[in-house]
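To start, the structure itself, in structure tokens.
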Amino acid sequence: MTATTSVHGMWSNRMAFILAATGSAVGLGNIWKFPYIAGENGGGAFVVVYLLCVSTIGIPVMMAEILLGRRGRQSPINTMRTLAHEESRHGFWQLIGWGGLIAGFLIISYYSVVAGWALAYVFRALGGAFISLDGETAQSLFGSLVADPERLLAWHTIFMVMTVVVVSRGVRSGLEQSVRILMPALFLLLLLLVGFALSTGKFMEGLEFLFHPDFAALSPGAVITAMGHSFFTLSLGMGAIMMYGSYLPSSASIAGATIAIALMDTLVALLAGMAIFPLVFANGLAPGAGPGLVFQTLPIAFGNMPGGLVFSTVFFVLLVFAAWTSAISLIEPAVAWLVENRGMARVRASAYVGISGWLLGILTILSFNHGAFSFDFAGEERKNGFFDLLDILTANFMLPLGGLAIAIFAGWFMARESTRDELAMGDGPAYRLWRFLIRYVSPAAIAIVFLNAVGLV
Ligand code: TRP
């Protein structure tokens, strides 16, 4: 008999879950990361592979994570242990939870540093630093921030404290409520920016870059990055969504929620791309500028539009909020595990996880100044040492491998009745489609991308 509630608390209803999971999914991945990796990997074809991965891997795996979480009702480690036992399977399946815990910890370390950049930009926006900004000044403005480790450390610290405070208070209506207002506001501001991009005269060039696929230019590295990003942006493969699923009331349907979350997430990413690339081309910037791309382009738009001071401030505040609602989901599984297995109070557990992530974040801070080093990944040069290493290790490897294991467990090692009952969409074509995707399509797609990356396919 599985539990019907979690000891950590529950979402008030299905809508609250959708909001929280969307809050987790929509974050820096959509607005900061997607445009810059699309830029580095040549645009169009990369975007197509990313969209294919979201639909054939992301959606089925997200459904699997939610159903596992809701059935297990605990942190991913204990959920996997319980479910493996229930299905009379080997206990090693709990390694999915362990891998996720480590991935979440590695990701939060650099995520918090980048969210710190967004925080810094709130104050730059407020101070009028973007007024009449041109491309060159925008670049040096960003360069001066990341060259200064002390400033980065201060913002990183503030963001980590913000994250720990929310998590330590438990996931409750305060957060549900804020996401309800923040997400639509972020969306509207992005639309405004797309409107500005339209006025640059380079909109079509931007669209062309983003949507015209040139598959010949697609490297194996780009394919694996696109797949990795589909996991990253949907918060999949490390148990965050599993954790959120464990707080989902039993009666709520999973498929509809998943599709809503994935659609909103994708829309925000595409809008961000449509706002950014026209500005890149209109201001003589390079699409492959790397992690600074968003911070170098959008301020130009804001600085040259009426009301830019207000809009830019609001925008970066919203970006911080988007990052915040994502960051909490990165540490929630580890915190829940400490509470369950070490009997720790939530506050203490949150502080421990936060402090460890904060310490590791120092490596990322140094990657942009004193400790920068380069290396090659899949034939491409990476210039920001530890930051790039952590990013590649987590997004390109740990998350897809976690997703693969989740798909295999849900598709092959759980009884058909178990997944069917939990998804509660009957035994019709919808359920059979999901089962087909999770058993064959998702694992095969992940495997092919990996084999491709190591040069075997
Ligand atoms: N999805 C978030 C973003 O796009 C980041 C994130 C939050 C995440 N939780 C996660 C990524 C869990 C991987 C796994 O910014």
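As the structure lists them, so they are numbered: ligands from 1, and atoms in each ligand from 1. We number each residue from 1, following the sequence as shown.
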| task | May I ask you to list the atoms of ligand 1 that are less than 4.0 angstrom from any heavy atom of Leu399? | result | 13 (C)
| task | Considering the heavy atoms of Ser329, write down every atom of ligand 1 situated less than 4.0 Å from one of them. | result | 7 (C), 9 (N)
| field | For ligand 1, the portion of Asp265 having any non-hydrogen atom under 4.0 Å away | value | neither
| Check: Phe196 ring centroid to Phe302 ring centroid under 6.0 Å | no
| said: Treating Gln94 as the side-chain partner and Arg81 as the backbone partner, does any N or O pair qualify as donor plus acceptor under 3.5 Å? | reply: no
| note | In ligand 1, the atoms that come under 4.0 Å of a heavy atom of Ala25 are 1 (N), 2 (C), 3 (C), 4 (O)
| query | If we only count N/O pairs under 3.5 Å, is Leu234 in contact with ligand 1? | reply | no
| Asn30 heavy atoms, cut-off 4.0 Å: which ligand 1 atoms fall inside? | 4 (O)
| note | Nearest heavy atom to atom 11 (C) of ligand 1, choosing from Trp32, Phe232, Phe34, belongs to Phe232
| query | Any N or O of Met238 that comes nearer than 3.5 Å to an N or O of ligand 1? | reply | no
| task | Any chance you could lay out the salt bridge (charged side-chain N to carboxylate O under 4.0 Å, His left out) test for Arg346 and Glu332, step after step, and finish with the verdict? | result | CA-CA 10 Å; Arg346 185 174 255 276; Glu332 177 69 16; 2.7 Å; yes
| task | List every atom of ligand 1 that sits less than 4.0 Å from any heavy atom of Leu28, numbering the atoms from 1 in the order shown and giving each element. | result | 15 (O)
| query | Heavy-atom distance to atom 10 (C) of ligand 1: which of Ile31, Leu330, Thr394 wins? | reply | Leu330
| request: Out of Ala21, Ser235, Ala322, indicate the one that has the non-hydrogen atom closest to atom 6 (C) of ligand 1. | output: Ser235
| query | Is the distance between the ring centroids of Trp98 and Phe92 under 6.0 Å? | reply | no
| Close approach of Tyr111 to ligand 1, heavy atoms, under 4.0 angstrom | yes
